[in-house]
Amino acid sequence: MDYLLTEEQKMLREMVAKFAKEEIGPEARENQEKGIYPKDVIKKAGELGLMGVAYPPEYGGSGMDFVSYILAIEEISRYCASTGVIVSAHSSLCIDPIFKFGSEEQKKKYMPDLCSGREIGCLGLTEPGAGSDVGATKTTARLEGNKWILNGTKQFITNGAEAGTAVITAMTDPEKKARGLSAFIVKTDTPGFKVGKHEEKLGINATSTTELIMEDCEIPEENILGERGKGLKIALVTLDGGRLGIAAQALGIARAAIEDGIAYAKEREQFGQPIANFQAIQWMIADMWTEYEASWLLTYRASLMKDRGLRYTKEAAMAKLKASEVSSFCANKSLQIHGGYGYTKEFDVERYLRDAKITEIYEGTSEVMRMVIAANLIA
Ligand SMILES: Cc1cc2nc3c(=O)[nH]c(=O)nc-3n(C[C@H](O)[C@H](O)[C@H](O)COP(=O)(O)OP(=O)(O)OC[C@H]3O[C@@H](n4cnc5c(N)ncnc54)[C@H](O)[C@@H]3O)c2cc1C
């Protein structure tokens, strides 16, 4: 599908593929097993311009397009899905809302440190009682004088332990329900802001997933992001882009599973010949690759629409739905090709299966994706 890409996009993809293979891949398994955040890799990613691929140079970004960013996330996730989501949550969920909804002053103040990777970003949207239903947010922000005072707990926040800047949603006007939600930029060293419980997880174990607790956390009045009461819109627009980052993460995992499956099938012999000779194995490989390319095209199409300024909510949901389910499908089939060895820690494929599952859940579950797609078709 290279003919769909520009020379610049192909060059970036090649550069990231090399970086991922040589520097991310070798430590991926150990980091995942021991739950080690890949600090040096993220620092290097920052130096390579990968922490702010799709933002203008005047705010510290690399000035490339969104398709390039998506290609980068796929290549990174091919070797380490944890690193993929660290970069994706940082870019799509934190820098993006600041870039889209922030004032000129906020963009100049916060984006350069984030785009360079000197600082890590996160989004605190989910709460114990507000997952798919963002309107049920309980965190509050009260304006007193020229300060907002935040109180509440966010749940399951990627990069929660490392982030220096967080975009946080909170109710400013609870009586208005979802229309009373606003968004804020919060520095995580603000008194009253603390990191709570660290989750132990099935996969993506080199990422932190934490609670964020705010207790009378005072931030300047000007740290509101966009207009008061527009938090739901900011969250939904942010998630449209974020879902493509997750689709790209899912594509990377799927490709890893397929490539490992093919390599194993060519090497493993049973009944006096490589198992790749058996039609049952060949059909699994054919099905995996066909599903992968279908997902890639959906993701590319939605990313191109974003680059062209078109509305792409439905297309992003379709891409994320398809790519995430295909990711789990491919990891599962590849494990089957690996037989008993695939079930052991000797091979990476069991990790792919564990990592793939989360792509069907975060930034909107597959059920929520179907709701978004259907709502757009019925409307
Ligand atoms: C590892 C990890 C990282 C995460 N990172 C972040 C992050 O960085 N920032 C952040 O804000 N959040 C993050 N999340 C939260 C994530 O986005 C939510 O877990 C997800 O949106 C689902 O919410 P929930 O877990 O509360 O599930 P629920 O909303 O309780 O859903 C439970 C089940 O009910 C289904 N369901 C819910 N409503 C409906 C409906 N109307 N119709 C049909 N089915 C429905 C769901 O599809 C699901 O199957 C993360 C979660 C995890 C596990």
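Start at 1 and go down the list; that is how both ligands and their atoms are numbered.
Under the 4.0 angstrom criterion, atom 28 (P) of ligand 1 counts as having a protein heavy-atom contact. There is a protein heavy atom closer than 4.0 angstrom to atom 6 (C) of ligand 1. Within 4.0 Å of atom 51 (C) of ligand 1, at least one protein heavy atom is present. For atom 35 (C) of ligand 1, the nearest protein heavy atom is 4.0 Å or more away.
Residue, atom and distance of the protein heavy atom nearest to atom 2 (C) of ligand 1 are Y362 CD2, 3.6 Å. The protein heavy atom nearest to atom 44 (N) of ligand 1 is E367 CB, 3.8 Å. Looking only at heavy atoms of the protein, atom 26 (O) of ligand 1 is closest to G131 CA, 3.2 Å. Nearest protein heavy-atom neighbour of atom 53 (C) of ligand 1: I358 CD1, 3.5 Å. The protein atom (non-hydrogen) at minimum distance from atom 25 (O) of ligand 1 is F156 CE1, 4.0 Å.
Cluster partners of I95, using a side-chain heavy-atom cutoff of under 4.5 Å among ILVMFWY residues and allowing indirect links, are Y55, Y59, L93, I98, F99, F101, Y110, M111, L114, L123, L125, V134, V167, M171, L181, I185, L225, L232, I234, L236, V237, L239.
Under the side chain to side chain donor-acceptor pair (under 3.5 Å) test applied with K108, the options E104, E105, Q106 reduce to a single match, E104.
At a threshold of 4.0 Å, the pair E7-K10 counts as salt-bridged, since one of the basic side-chain nitrogens sits closer than that to a carboxylate oxygen. Checked for salt-bridge contact, K21 and E259 miss the test: no charged N lies under 4.0 Å from a carboxylate O. In summary, E23 and K44 engage in a salt bridge, as defined by a charged side-chain N under 4.0 Å from a carboxylate O. Using a 4.0 Å cut-off between charged side-chain N and carboxylate O, E27 and K34 make no salt bridge. Salt-bridge check for D96 with K306: passed, with a basic side-chain N closer than 4.0 Å to an acidic carboxylate O. Taking 4.0 Å as the cut-off between side-chain N and carboxylate O, R29 and D348 count as a salt-bridged pair. Note on R354 versus E350: salt bridge recorded, some NZ/NE/NH1/NH2 to OD/OE distance being below 4.0 Å.
Near K201, the atoms of ligand 1 lying under 4.0 angstrom from a non-hydrogen atom of the residue are 1 (C). Under a 4.0 Å criterion applied to the non-hydrogen atoms of T365, ligand 1 contributes the atoms 22 (C), 46 (C), 47 (O). Applying the 4.0 Å criterion to heavy atoms of I157 picks out, from ligand 1, the atoms 7 (C), 8 (O), 9 (N), 10 (C), 11 (O). Within ligand 1, counting atoms from 1 as listed, the ones closer than 4.0 Å to a heavy atom of E363 are 17 (O). Residue contact check: I361 has heavy atoms under 4.0 Å from atoms 20 (C) of ligand 1. Remark: ligand 1 atoms within the under-4.0 Å shell around heavy atoms of T126 are 10 (C), 11 (O), 12 (N), 13 (C), 14 (N), 15 (C), 16 (C), 17 (O).
Residue contact check for ligand 1: M371 places a non-hydrogen atom closer than 4.0 Å to it. Ligand 1 lies out of reach of V368, whose nearest heavy atom is not under 4.0 Å from it.
Between the side chain of T172 and the main chain of R228, no donor-acceptor pair closer than 3.5 Å is present. E127 places no side-chain N or O within donor-acceptor distance of the main-chain N or O of T137, the cut-off being under 3.5 Å. Remark: side-chain polar atoms of S208 are paired, donor with acceptor, to backbone N or O of A161 under 3.5 angstrom.
A 4.5 Å side-chain heavy-atom check between M15 and K18 finds every atom pair outside the cut-off.
Looking at T158, L239, L123, V134 and measuring to atom 9 (N) of ligand 1, the nearest heavy atom belongs to L123. Considering each of S132, A89, P128, the one bringing a non-hydrogen atom nearest atom 37 (C) of ligand 1 is S132.
Residue N159 does not touch ligand 1, judged by heavy-atom distances below 4.0 Å.
Residue contacts with ligand 1: L125 is placed with a nitrogen or oxygen under 3.5 Å of a nitrogen or oxygen of the ligand (distance criterion only).
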